[in-house]
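Here is the structure we will look at.
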Number of protein chains: 2
Amino acid sequence: MKYYPDPILKLINSLSKLPGIGKKTAERLALHILHAPNHEAVTLAADIIELKNSIRLCTVCFALSDKDKCRICSDPLRDKSLICVVENPTDMAAIEKSNAFSGTYHILGGALSPIDGIGPDDIRIKELFKRADPEKIKEIILATKTNVEGEATASYILEKLKKTKIRITRIASGIPMGSDLQYIDQLTMQKAMEKRYGF
Amino acid sequence: MKYYPDPILKLINSLSKLPGIGKKTAERLALHILHAPNHEAVTLAADIIELKNSIRLCTVCFALSDKDKCRICSDPLRDKSLICVVENPTDMAAIEKSNAFSGTYHILGGALSPIDGIGPDDIRIKELFKRADPEKIKEIILATKTNVEGEATASYILEKLKKTKIRITRIASGIPMGSDLQYIDQLTMQKAMEKRYGF
């Protein structure tokens, strides 16, 4: 790509470090930015810097936030007696998108994985136990992933909290809505049969 | 997407203005930038600003450049008696990628298009004629696009320059290398037959 002047090559290089952006796409984006109105490019650059400077973790639930308390934890309409435990902010975003939950969250920041050397002290499990005051919390929903690490994390939390008065639940596993049964993997099918319910 | 704090939403919004970047991709990129090392994000932002501030047009050929004269025009190894006329910098980049040309360029900045109100004075045709000194220039290769506007532009330039001693040529049209003949459009096939050559 040596036919472009250095500033373009530098931006192409920086852009191509982003996930899913190859050299070709980076080239197209850089040329777009070059021809875009000045304020658009300046806004983009400023937004990148602002993001890095202002985002921290909510002191209550550890969600991404630009304030001490995140939008959900400071929303009076959200049910504070319900905590949904997730591994990371994108999982939380997925649940929020569904509009199926009106409680609060607890973001662990990962899952237990002895093989990778991640134990209970490496994720925010202690902080969850601190929040698990039976006077205030009615239910804790374990929404860690449905892979080995997520299941292990859910089991660990259940084990530690099952003696309290708090109801502990796990999000359901089964056939995704609208799916064709023939494309469902064996494990999911087993889970769907095992967890079948009556009417 | 209201579950993200404002600085993330703002960056998602800015990123999704880029071509081919939808809300979903913008979300993934923003979260990547959030978790990327600080210097990477700062470099990206700085590169965007530097690009906008430093890129201008080469005073000779009007290619993108960060200096008065672009890299090709100031390269002593490039043949200054050969000018390849293209519509825009991406066309020039495509030719450079092929390594098939060792002369210089002239970037018109568009093509003649009476229907859009683009006449000879709206693109850099006059500047090309100024460069077309028969003492210095041996050949001008017309590499405008092969669509109606590009062909019209090539014809116009040919008409104006054919009385000079400069050799005027047009890049060849025909079957792309490695293509299956059954997928070639009619117009290309006609051109390929018309321009067939002997051995």
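So that the names make sense, note that chain A is the first sequence line, chain B the second, and so on, each numbered from 1.
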Among A/S65, A/S54, A/A93, A/A41, the residue with the most heavy-atom pairs under 4.5 Å to chain B is A/A93
At a heavy-atom distance under 4.5 Å, which candidate from A/E50, A/K67, A/R28, A/H32 has the highest pair count against chain B? A/H32
How about A/E151 and A/T146: does a side-chain donor come under 3.5 Å of a side-chain acceptor? no
Heavy-atom side-chain contact between B/C61 and B/I72 under 4.5 Å: no
Is A/L31 in contact with chain B via its backbone, its side chain, both, or neither, using a 4.5 Å heavy-atom distance? side chain
Do the side chain of A/T104 and the main chain of A/L82 share a donor and acceptor less than 3.5 angstrom apart? yes
Under 3.5 Å, is there a donor-acceptor pair between the side chain of B/D116 and the main chain of B/I118? no
Flag the one option from [options] with the top tally of heavy-atom pairs under 4.5 Å to chain A.
options	answer
B/D6, B/V42, B/T25	B/D6
B/K52, B/K10, B/M92	B/K52
B/L64, B/I49, B/T43	B/L64

Assess whether a salt bridge exists between A/E135 and A/K80, defined as any Lys/Arg side-chain N lying under 4.0 Å from an Asp/Glu carboxylate O. no
Basic-acidic side-chain contact under 4.0 Å: B/D66, B/R56: no
Under 4.5 Å heavy-atom distance to chain A, tell me which part of B/L51 shows up: side chain, backbone, both or neither. both
Honestly, the part of B/L15 sitting under 4.5 Å from a heavy atom of chain A is both
